[in-house]
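These notes concern the structure reproduced below.
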Amino acid sequence: MGATRAVASFAAAVSYRDLPEHVRNEALRAVLDTVGVMLAGAVEPTVQVISKVALAEGPTPHVTIPGTRLRASPAAALVGGHGPRFRLR
């Protein structure tokens, strides 16, 4: 079994209750950190430009642009991927 398949099998089989408390706490911290920097990055000029491009892509509003109530094409994933690169100091 390759490494990717082994990790995927583990992830598919593990239960939240199986994880040690410190692992659950670290996972929660990582999720909150990511959401926080996505929201903070939503007001950055580069993210605003990417948001406008995603909105202009077409009338298929399937994806919410992070930090807004706007829905856009799947190109909005670019916003979600770009926002987290901004770290709060």
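Values below: every heavy atom of this structure, side chains too, minus hydrogens, waters and symmetry copies.
Residue pairs that meet the side-chain hydrogen bond (donor to acceptor under 3.5 Å, both in side chains) test with at least one member in residues 7-28, sequence neighbours left out, are E26-R29.
In the hydrophobic clustering, F10 connects to V14, L19, V23, either directly or through intervening members, whenever side-chain heavy atoms lie under 4.5 Å apart.
Take V43 and apply the side-chain contact (heavy atoms from CB on, under 4.5 Å) test, not counting sequence neighbours, and it matches no residue.
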